[in-house]
Amino acid sequence: MMLKGPVAANPDAWVAGLEGWTRELVETLRAGVCAVEGLTEVIKWGHLVYLSNGPALLIRAEDERIVFGFWRGQRLREIEPRLKPGGLYEMASVILRRGETMEPERVVALTRAAVALNADIGDPTRILKKKERTP
């Protein structure tokens, strides 16, 4: 899968490098995410990553889809049943294709829940590293 977004110096430049439906959808998701306090938005691994006591969520633009992923997304399935588990750190993602969307209220609810989980439990990447070191 090829990334649509170019390598960018900052999140605004990354979004500006998108076109068409992917840009519109990313802008909608990003607006909801950025409405929640306590997040730092960065470009990491070629996409938007939102940090709050460690990574909390991401927005990745690909040619045919947008991935809206959460490090502890498996705990958020009551808010968004489309979250599909995959990867480490209890990751789960919603895959959105042309013509699909997510209600802004749901984006905000997911983001708030992701921030709260990291506040309550800690950085998901550090927790896994500690488990790996335990004999």
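The figures here come from the full heavy-atom set of this structure, side chains too, leaving out hydrogens, waters and symmetry mates.
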Can you tell me how far apart [atom1] ([X]) and [atom2] ([Y]) are? Round to the nearest 0.5 Å.
{"X": "Phe68", "Y": "Leu110", "atom1": "CZ", "atom2": "CG", "result": "6.0 Å"}
{"X": "Arg30", "Y": "Leu25", "atom1": "CZ", "atom2": "CG", "result": "13.5 Å"}
{"X": "Leu83", "Y": "Arg72", "atom1": "CG", "atom2": "CZ", "result": "14.5 Å"}
{"X": "Glu80", "Y": "Glu103", "atom1": "CD", "atom2": "CD", "result": "7.5 Å"}
{"X": "Thr101", "Y": "Trp21", "atom1": "OG1", "atom2": "CH2", "result": "10.5 Å"}
{"X": "Ser93", "Y": "Leu57", "atom1": "OG", "atom2": "CG", "result": "10.0 Å"}

**OP:** Measure the shortest side-chain to side-chain distance between Leu39 and Cys34 over non-hydrogen atoms and say whether it is less than 4.5 angstrom.
**Re:** no
Subject >> Student check: side-chain heavy atoms of Pro104 and Leu29 closer than 4.5 Å >> reply: no
Please find the pair of heavy atoms, one from [X] and one from [Y], that lie closest to each other, and give the distance.
{"X": "Val115", "Y": "Ser52", "result": "CG1-OG, 3.5 Å"}
{"X": "Gly54", "Y": "Asn118", "result": "O-ND2, 3.4 Å"}
{"X": "Met102", "Y": "Val107", "result": "SD-CG2, 3.7 Å"}
{"X": "Met91", "Y": "Gly86", "result": "CB-O, 2.8 Å"}

By side-chain contact (heavy atoms from CB on, under 4.5 Å) - contacts of [X] (at least two apart):
{"X": "Lys84", "answer": "none"}
{"X": "Thr28", "answer": "none"}
{"X": "Arg112", "answer": "Val36, Val108"}
{"X": "Ile43", "answer": "Pro11, Trp14, Leu48"}

Original post:
Are Arg65 and Glu62 close enough for a salt bridge, meaning some N to O gap below 4.0 Å?
Top reply: yes
**OP:** Check step by step if side chain to side chain contact (heavy atoms under 4.5 Å, CB included) holds for Leu96 and Arg82.
**Re:** CA-CA 10 Å; Leu96 299 164; Arg82 293 181 290 178; 3.6 Å; yes
**OP:** For Val26 and His47, run side chain to side chain contact (heavy atoms under 4.5 Å, CB included): C-alpha distance rounded to whole Å, both residues' side-chain angles, the deciding distance at 0.1 Å, then the answer.
**Re:** CA-CA 11 Å; Val26 166; His47 46 269; over 6 Å; no
Subject >> Sequence-distant partners of Arg75, side-chain hydrogen bond (donor to acceptor under 3.5 Å, both in side chains), two or more places apart >> reply: Glu90
**OP:** List for me each residue that meets ring pair (Phe, Tyr, Trp, His ring centres under 6.0 Å) alongside Tyr50, sequence neighbours excluded, and say none if there are none.
**Re:** none
**OP:** Answer yes or no: does atom CZ of Arg77 have more than 12 heavy-atom neighbours from other residues, nucleotides or ligands under 6.0 Å?
**Re:** yes
